[in-house]
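Below is one structure, written out as structure tokens; comments come after it.
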Amino acid sequence: MSKAQLKKYIEGLDREHLEEFVLDIYSDVKPAKEYLDFFLNPDVNKVTDKTRRALYARIFRANGAPLPRLRFSRINGIVKDFSAKVRDPYIVADLMEYLLMLLCEYGCRNRTSESFVRSLAASFGRFSKWLVSSGIEIEYKEKMRSLIEKTHGIDRDCTDRVYDAVDECFEPD
């Protein structure tokens with residue numbers, strides 16, 4: 001269904017049926033419920049804490065041991081869902097920084113594969129480009145450099161690959 005078709009359908013509903021339609025969506029579609037809950041009561045700290053816990057659970061076990069295999073697509077999906085709800089670029093940047101910190105810790109504590117290094121470099125690249133497009137790269141320049149330094153303990157060429165992926169404003173002077 002297109003947006004135009006949906007708009008036409010909604011315009012044809014009276015108030016009572018529109019309320020019923022929205023309440024049905026609220027009760028039957030979990031992502032819609034989460035979105036409406038946040039829209040009506042935007043507790044950014046609660047959503048941020050929940051998202052941080054979800055990211056940690058996708059990278060480490062409850063006892064702190066690294067998971068044997070990461071699914072970057074699921075991790076990126078968590079960040080995407082968060083950034084769709086929370087529009088403040090500084091809060092989103094802090095979450096992305098947290099994610100990269102977790103990934104660097106994972107890489108330092110666990111034997112990593114070529115695909116991990118490639119995905120980590122791509123994550124750094126996306127984050128750096130997002131910072132630049134949001135216009136907040138200056139505020140995060142030192143944090144980004146500090147994160148990149150953490151990649152030294154992962155793999156011999158990991159840091160070089162990260163520098164190849166990030167925007168040039170984050171490269172060493």
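FYI, the numbering just counts along the sequence from 1.
No side-chain heavy atom of Ser128 sits under 4.5 Å from any side-chain heavy atom of Glu137. Side-chain atoms of Thr48 and Phe82, non-hydrogen and from C-beta on, do get closer than 4.5 Å to each other. Side chains of Pro68 and Arg61 form a contact here, defined as non-hydrogen atoms less than 4.5 Å apart. Counting only heavy atoms from C-beta outward, the side chains of Thr51 and Val86 never approach each other to under 4.5 Å. Taking 4.5 Å as the limit, every side-chain heavy atom of Leu131 sits out of range of all side-chain heavy atoms of Asp167. Between Asp88 and Val44 the shortest side-chain heavy-atom distance does not fall below 4.5 Å. By the 4.5 Å heavy-atom criterion applied to side chains, Phe60 and Leu67 are not counted as neighbours.
Between Ala165 and Ala121, the closest heavy-atom pair is CB-O, 3.2 Å. Residue Arg69 comes nearest to Tyr106 through the heavy atom pair N-OH, 4.1 Å, listed as atom of the first residue, atom of the second, then distance. Scanning all heavy atoms of the two residues, the minimum distance from Lys129 to Val166 falls at NZ-C, 4.3 Å. Considering every non-hydrogen atom in both Pro89 and Ile136, the closest pair reads O-CD1, 3.7 Å. Here the closest heavy-atom approach between residue Arg145 and residue Cys169 is recorded as NH2-O, 3.9 Å.
Note that OG of Ser119 is 12.0 Å distant from CZ of Arg71, once rounded to the nearest 0.5 Å. The OG atom of Ser73 lies 9.0 Å from the CZ atom of Arg58; values are rounded to the nearest 0.5 Å. Residue Met101 holds its CE atom at 9.0 Å from CD1 of Ile59, rounded to the nearest 0.5 Å. The distance from the NZ atom of Lys143 to the CG atom of Leu147 is 9.5 Å, given to the nearest 0.5 Å. Once rounded to the nearest 0.5 Å, the distance linking CD of Glu34 with CG of Asp37 reads 8.0 Å. Rounding to the nearest 0.5 Å places CD1 of Ile148 at 11.0 Å from CG of Asp160.
Both tests hold for Arg52 against Tyr98: distance to the six-membered ring centre under 6.0 Å, angle to the ring axis within 45°.
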Is there a side chain to side chain contact (heavy atoms under 4.5 Å, CB included) between Leu120 and Cys158? Walk through the geometry before answering. CA-CA 8 Å; Leu120 179 65; Cys158 184; 3.8 Å; yes
Could you walk me through whether Glu11 and Lys8 satisfy the salt bridge (charged side-chain N to carboxylate O under 4.0 Å, His left out) test, starting with their C-alpha distance in whole Å, then the side-chain angles of each, then the deciding distance to 0.1 Å, before giving a yes or no? CA-CA 5 Å; Glu11 287 173 350; Lys8 186 176 180 179; over 6 Å; no
How far apart are the C-alpha atoms of Asp43 and Val47, what are their side-chain angles, what is the distance that settles it, and do they pass the side chain to side chain contact (heavy atoms under 4.5 Å, CB included) test? CA-CA 6 Å; Asp43 187 351; Val47 172; 5.7 Å; no
Determine whether Phe170 and Phe124 satisfy the following criterion, ring pair (Phe, Tyr, Trp, His ring centres under 6.0 Å), listing intermediate values before the conclusion. CA-CA 11 Å; Phe170 297 108; Phe124 268 95; 9.7 Å; no
Decide salt bridge (charged side-chain N to carboxylate O under 4.0 Å, His left out) for Glu114 and Arg161; before the verdict, give the C-alpha distance in whole Å, the side-chain angles of both, and the deciding distance to 0.1 Å. CA-CA 11 Å; Glu114 169 69 22; Arg161 293 179 107 178; 2.5 Å; yes
Residues Leu99, Phe127; criterion side chain to side chain contact (heavy atoms under 4.5 Å, CB included); working and verdict: CA-CA 10 Å; Leu99 170 60; Phe127 181 44; over 6 Å; no
Please assess Asp81 against Lys85 for the test salt bridge (charged side-chain N to carboxylate O under 4.0 Å, His left out), listing each intermediate value before the final yes or no. CA-CA 7 Å; Asp81 290 345; Lys85 289 179 191 170; over 6 Å; no
Show the numbers, then the answer: is there a side chain to side chain contact (heavy atoms under 4.5 Å, CB included) between Ile154 and Thr159? CA-CA 8 Å; Ile154 296 173; Thr159 306; over 6 Å; no
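The environment of Arg109 atom CZ is dense: over 12 non-hydrogen atoms of other residues, nucleotides or ligands sit within 6.0 angstrom. No more than 12 heavy atoms of other residues, nucleotides or ligands lie within 6.0 Å of CD1 in Ile138, so this atom counts as exposed by the packing criterion. Other residues, nucleotides and ligands contribute at most 12 non-hydrogen atoms within 6.0 Å of the OH atom of Tyr35. Crowding of Gln5 atom CD: a count of heavy atoms from other residues, nucleotides or ligands under 6.0 Å exceeding 12.
Under the 4.0 Å criterion applied to side-chain N and carboxylate O atoms, Glu19 and Arg15 are assigned as salt-bridge partners. Checked for salt-bridge contact, Lys150 and Glu105 miss the test: no charged N lies under 4.0 Å from a carboxylate O. With salt bridges taken as basic N to acidic carboxylate O contacts below 4.0 Å, none links Arg53 and Asp49.
Under the 4.5 Å side-chain heavy-atom criterion for grouping Ile, Leu, Val, Met, Phe, Trp and Tyr, Leu6 is connected to Ile25 within one hydrophobic cluster. Neither Val22 nor Phe38 shares a network with the other; the hydrophobic side chains, linked directly or stepwise wherever heavy atoms of I, L, V, M, F, W or Y lie under 4.5 Å apart, form separate groups for each. No path of Ile, Leu, Val, Met, Phe, Trp and Tyr side chains, each step under 4.5 Å between heavy atoms, connects Leu36 with Leu23, placing them in separate hydrophobic clusters.
Between the side chain of Asn63 and the backbone N or O of Ala65 there is at least one donor-acceptor pair closer than 3.5 Å. Without hydrogens or angle criteria, Asn76 side chain to Phe72 main chain gives a donor-acceptor distance under 3.5 Å.
The one candidate from Val162, Leu100, Ile75 that meets the side-chain contact (heavy atoms from CB on, under 4.5 Å) condition with Ser123 is Leu100.
A donor-acceptor contact under 3.5 angstrom links the side chains of Asp94 and Tyr140, judged on distance only.
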